[in-house]
Amino acid sequence: MCRNIRTLHNYEPHATSEEVYAAALQYVRKISGSTKPSKANEEAFERAVHEVAHATQHLLDALVTHAPAKDRTEEAAKARARAAVRFGAA
């Protein structure tokens, strides 16, 4: 599951709240061992996702870099090329 969490720092345009939430959701799913919590755990699960997303946004807002921002389209193309090599060779 965690392989679906993508780097969110130093991209242009900046990470959206939806991307931050998706990363938080994947993290909470991974550590809880559950993709969908039971009714008894639903509130705790959602609260954890919200808190992780909040902390993640604070982290992204506080990070400083002098490197030029990465282009999302360019990085996605590189990832597709790596996947093609990886899966094409299999």
Verify the cluster assignment for Y27 and L8: are they in a single hydrophobic cluster under the rule of side-chain heavy atoms below 4.5 Å apart?
no
Residues in ring-ring contact (aromatic ring centres under 6.0 Å, His included) with H9, at least two apart?
none
Rounded to the nearest 0.5 Å, how far does OG1 of T35 lie from NZ of K30?
12.0 Å
Distance-only polar pair, side chains of H54 and H50, donor-acceptor under 3.5 Å:
no
Can you name the closest pair of heavy atoms from L25 and F45 and give their distance?
CD1-CE2, 3.7 Å
Which residues pass the salt bridge (Lys or Arg N to Asp or Glu O under 4.0 Å) test with E75, not counting sequence neighbours?
K78
For A24 and V52, the nearest pair of non-hydrogen atoms, with its separation, is CB-CG1, 3.7 Å
Which pairs with one or both residues in residues 59-70 pass side chain to side chain donor-acceptor pair (under 3.5 Å), sequence neighbours excluded?
Q57-D61
For E43, enumerate each residue passing the salt bridge (Lys or Arg N to Asp or Glu O under 4.0 Å) test, keeping only those at least two apart in sequence or located in another chain.
R47
Which pair of non-hydrogen atoms, one from A15 and one from L60, has the smallest distance, and what is that distance?
CB-CD1, 4.3 Å
Can you tell me how far apart CZ (R72) and CZ (R6) are? Round to the nearest 0.5 Å.
12.0 Å
Quick one: salt bridge (Lys or Arg N to Asp or Glu O under 4.0 Å) partners of K39, sequence neighbours excluded?
E42
How would you list, by chain and number, every residue that makes a side-chain hydrogen bond (donor to acceptor under 3.5 Å, both in side chains) with D71, sequence neighbours excluded?
none
When you measure from the side chain of E19 to the backbone of T16, do you find a donor-acceptor pair of N or O atoms at a distance under 3.5 Å?
yes
Please name the pair of heavy atoms, one in V20 and one in A53, separated by the smallest distance, quoted to 0.1 Å.
CG1-O, 3.4 Å
